[in-house]
Participant: 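Okay, here's the structure, questions in a sec.
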Amino acid sequence: MKFIAYNVRQDERAYFENWSQKNNIEIKLVADEVTSENLSLSKGYDAVISFQTGTYPADLFKTLAGYGVKDVSIRNVGVDNLDLAEAKKYGITVTNVPAYSPNAIAEFSVTILLQLLRNQNIFRKRMASNDYRWAPFVGKEIRALTIGIVGTGRIGKAAIDIYKGFGAKILAFDPYHDPKLESEGIYVDTLEDLVAKADVLTLHMPGSDKDGHLIDAKMIEKMKDGAYIINTARGSLIDANALLAALKSGKLGGAGLDTYEFETPIFNHDLNETGVEDELFKELVALDNVVMTPHIAFYTEIAVENMVNISLDSAKSVIETGTAPTLVQTK
Ligand code: NAD
Ligand code: COI
């Protein structure tokens with residue numbers, strides 16, 4: 001049995017090497033993410049261990065099947081960029097790491113909300129120009145707010161636990177009702193209901209390029225005036241043009257964005273030489289009421305170690321037994 005891992009960062013290498021030694025399984029480490037050009041490196045390997053937020057080659061599964069690859073184990077949660085029907089068609093098993101650390105993302109989503117509520121962008125800029133005045137940027141406390149959680153899965157639940165600690169009022173929308181949360185009476189029936197009641201809307205559901213934007217201009221119009229939106233889920237969920245318009249007009253109070261609709265050519269790249277060409281991105285980032293981060297909510301020591309170890313355990317299990325506890329199911 002031997003594996004190939006793509007998009008391997010420096011901070012992951014030791015975890016790969018330790019697992020390889022412990023399990024006596026060869027792993028080829030490739031620094032680049034999977035592209036049409038480097039897919040041929042997978043020839044003869046049993047499993048591909050991958051990790052990327054952007055697009056995979058369209059013929060990924062067909063080509064891998066031709067190379068004899070039996071399994072693709074991704075080191076992250078979201079499978080929205082993988083064509084699972086194709087995987088099925090070509091008989092390739094797909095696993096993910098559904099829970100490498102839901103707390104990492106939940107904590108981060110609260111962190112960016114706190115920065116917005118206490119006007120951190122503005123005070124940082126003021127201090128940089130020796131202006132140490134307070135007014136008129138009085139902050140808000142979380143306990144005074146209604147938090148609207150969209151998606152009460154692993155990360156949504158972890159966020160709820162944190163917000164409970166702050167003493168916030170919590171409401172949620174999810175087509176699937178968690179029995180414990182149901183008994184606490186936090187669910188509303190529709191997303192429209194939630195956005196009408198929430199001071200903060202925080203997204204914790206999967207992304208999909210098929211259903212269009214969950215949050216578009218119409219949905220934003222239904223939100224409370226001055227409400228905040230936090231997105232650590234997927235950029236595809238929010239119409240970024242509509243969001244910019246609502247932030248500029250004052251309809252929305254602020255946005256905390258760890259994901260962005262057109263993030264692939266920008267996030268996790270060093271663009272110091274070329275700069276960013278995306279004008280929409282530049283306008284968003286320049287706003288005082290936007291906290292934008294480059295998809296780093298997941299990026300903690302605990303999460304990185306789990307991502308590597310669980311993806312490798314999954315690949316080993318698939319090759320040895322044909323299945324794994326982390327099998328990705330097509331719905
Ligand atoms: P999960 O599968 O445990 O939970 C997702 C929840 O969303 C489920 O309860 C599901 O019923 C619900 N849902 C599905 N469609 C919905 C809809 N239309 N409206 C409301 N709820 C809906 O997933 P999770 O582990 O909580 O992760 C959520 C998402 O967070 C992932 O899919 C991924 O896109 C994103 N994520 C981001 C980062 C990051 O670093 N920023 C890291 C990990 C995951
Ligand atoms: C995920 O695990 O789905 C994430 O969004 C993290 C990412 C850097 C791939």
Side-chain angles (χ1 to χ4, degrees), residues 6-7 9 11-12 33-34 49-56 73-82 95-112 148-161 171-182 186-195 198 201-216 219 230-238 256-261 263-264 266-269 291-300 302-304 306-308 310-311 326 328-329 331:
Y6 284 89
N7 210 6
R9 301 181 310 273
D11 55 87
E12 294 178 302
E33 61 178 36
V34 179
I49 316 296
S50 71
F51 172 78
Q52 58 202 61
T53 49
T55 43
Y56 282 92
S73 287
I74 63 167
R75 309 202 284 289
N76 58 298
V77 180
V79 290
D80 49 309
N81 53 354
L82 284 170
T95 69
N96 70 344
V97 186
Y100 47 78
S101 179
N103 274 64
I105 299 98
E107 270 182 29
F108 196 82
S109 65
V110 180
T111 303
I112 51 182
I149 309 269
V150 184
T152 54
R154 297 175 186 87
I155 298 170
K157 277 201 205 93
I160 288 172
D161 285 344
L171 294 175
F173 171 70
D174 191 318
Y176 167 79
H177 286 195
D178 175 86
K180 184 170 167 284
L181 294 175
E182 175 90 303
I186 71 159
Y187 286 110
V188 296
D189 292 335
T190 63
L191 181 63
E192 283 77 3
D193 251 12
L194 188 71
V195 304
L201 195 71
T202 180
L203 309 185
H204 302 291
M205 57 171 274
S208 161
D209 51 6
K210 293 182 192 81
D211 307 335
H213 301 112
L214 178 85
I215 307 296
D216 57 11
M219 194 59 80
I230 305 296
N231 188 8
T232 56
R234 280 293 179 268
S236 59
L237 294 172
I238 301 183
L257 307 171
D258 185 51
T259 56
Y260 163 64
E261 194 174 0
E263 71 181 48
T264 309
I266 305 173
F267 289 176
N268 202 18
H269 297 291
V291 171
M292 176 90 83
T293 48
H295 209 133
I296 52 162
F298 80 102
Y299 198 41
T300 66
I302 292 177
V304 171
N306 285 338
M307 287 164 122
V308 172
I310 297 171
S311 63
T326 53
V328 172
Q329 305 290 355
K331 286 197 176 166

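Order of listing sets the numbers, starting from 1, for every ligand and every atom in it. All residue numbers refer to positions in the sequence shown, counting from 1. Computed over heavy atoms, backbone and side chain alike; hydrogens, waters and symmetry mates excluded. Treat the numbers as computed from the prediction; the structure is a model and nothing was measured.
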Participant: Backbone or side chain, does any N or O of R154 fall under 3.5 Å from an N or O of ligand 1?
Facilitator: yes

Participant: When only distance counts, is D258 in polar contact with ligand 1, meaning an N/O pair under 3.5 Å?
Facilitator: yes

Participant: If you take the nearest heavy atom of each of M205, R234, H295, which one is closest to atom 18 (N) of ligand 1?
Facilitator: M205

Participant: Considering only heavy atoms of P206, which atoms of ligand 1 have at least one such atom less than 4.0 Å away?
Facilitator: 5 (C), 7 (O), 14 (C), 32 (O)

Participant: H204 and side-chain contact (heavy atoms from CB on, under 4.5 Å): which partner among D174, N231, I155, I160?
Facilitator: I155

Participant: For ligand 2, which is the ligand I care about here, please tell me if G78 has any N or O atom under 3.5 Å from one of the ligand's N or O atoms.
Facilitator: yes

Participant: Taking atom CG of N306 as the centre, does the number of heavy atoms from other residues, nucleotides or ligands within less than 6.0 Å exceed 12?
Facilitator: yes

Participant: Which of the numbered atoms in ligand 1 are under 4.0 angstrom from any heavy atom belonging to H204?
Facilitator: 5 (C), 6 (C), 7 (O), 28 (C)

Participant: Below 3.5 Å, N or O to N or O, backbone or side chain included: is there any such pair between P175 and ligand 1?
Facilitator: no

Participant: With rounding to the nearest 0.5 angstrom, report the CD1 to CG distance, I112 to L257.
Facilitator: 7.0 Å

Participant: Looking at atom 8 (C) of ligand 2, what's its closest protein heavy atom, distance included?
Facilitator: F298 CE2, 3.3 Å

Participant: Any non-hydrogen atom of R234 lying under 4.0 Å from ligand 2?
Facilitator: yes

Participant: Distance check, rounded to the nearest 0.5 Å: M307 atom CE versus N76 atom CG?
Facilitator: 5.5 Å

Participant: Does the side-chain contact (heavy atoms from CB on, under 4.5 Å) test come out yes or no for V77 and R154, once each step is laid out?
Facilitator: CA-CA 11 Å; V77 180; R154 297 175 186 87; 5.8 Å; no

Participant: May I ask you to identify, for D174, whether its side chain, its backbone, both or neither come under 4.0 Å of ligand 1 on a heavy-atom basis?
Facilitator: both

Participant: Mark yes or no for whether D258, through its side chain, and A297, through its backbone, hold a donor-acceptor pair below 3.5 Å.
Facilitator: yes

Participant: Any nitrogen or oxygen of Y100 lying under 3.5 Å from a nitrogen or oxygen in ligand 2? Just yes or no.
Facilitator: yes

Participant: Which one of L237, V150, L201 satisfies the side-chain contact (heavy atoms from CB on, under 4.5 Å) criterion with I215?
Facilitator: L201

Participant: Considering only protein heavy atoms, which is closest to atom 4 (C) of ligand 2, and at what distance to one decimal place?
Facilitator: H295 NE2, 3.5 Å

Participant: If you take the nearest heavy atom of each of I296, I155, N96, which one is closest to atom 27 (O) of ligand 1?
Facilitator: I155

Participant: Ignoring hydrogens and angles, tell me if any N or O in the side chain of N7 forms a donor-acceptor pair with the backbone of F51 under 3.5 Å.
Facilitator: yes

Participant: Can you sort out which atoms of ligand 1 are near V150, meaning under 4.0 Å from one of its heavy atoms?
Facilitator: 20 (C)

Participant: Nearest heavy atom to atom 9 (C) of ligand 2 wins, so pick from T259, N96, T53, T232.
Facilitator: T53

Participant: Using a 4.0 Å heavy-atom cut-off, which part of Y299 comes near ligand 2: side chain, backbone, both, or neither?
Facilitator: neither

Participant: What atoms in ligand 1 come closer than 4.0 Å to a heavy atom of I105?
Facilitator: 38 (C), 42 (C), 43 (C)

Participant: Can you confirm, on distance only, whether ligand 1 has an N/O atom lying under 3.5 Å from any N/O atom belonging to Y176?
Facilitator: no

Participant: Taking the ring of F267 and the ring of H295, is the distance between their centroids below 6.0 Å?
Facilitator: no

Participant: What atoms of ligand 2 come within less than 4.0 Å of a heavy atom belonging to V77?
Facilitator: 1 (C), 2 (O), 3 (O)

Participant: Answer yes or no: is there a side-chain heavy-atom contact under 4.5 Å between E12 and R75?
Facilitator: yes

Participant: Run down the list F298, F108, F173, Y100 and name the one with the heavy atom closest to atom 20 (C) of ligand 1.
Facilitator: F173

Participant: Quick check: does any side chain N or O of Y100 sit under 3.5 Å from a backbone N or O of V308, one acting as donor and the other as acceptor?
Facilitator: no

Participant: Is there a donor-acceptor contact under 3.5 Å from the side chain of N81 to the main chain of G54?
Facilitator: yes

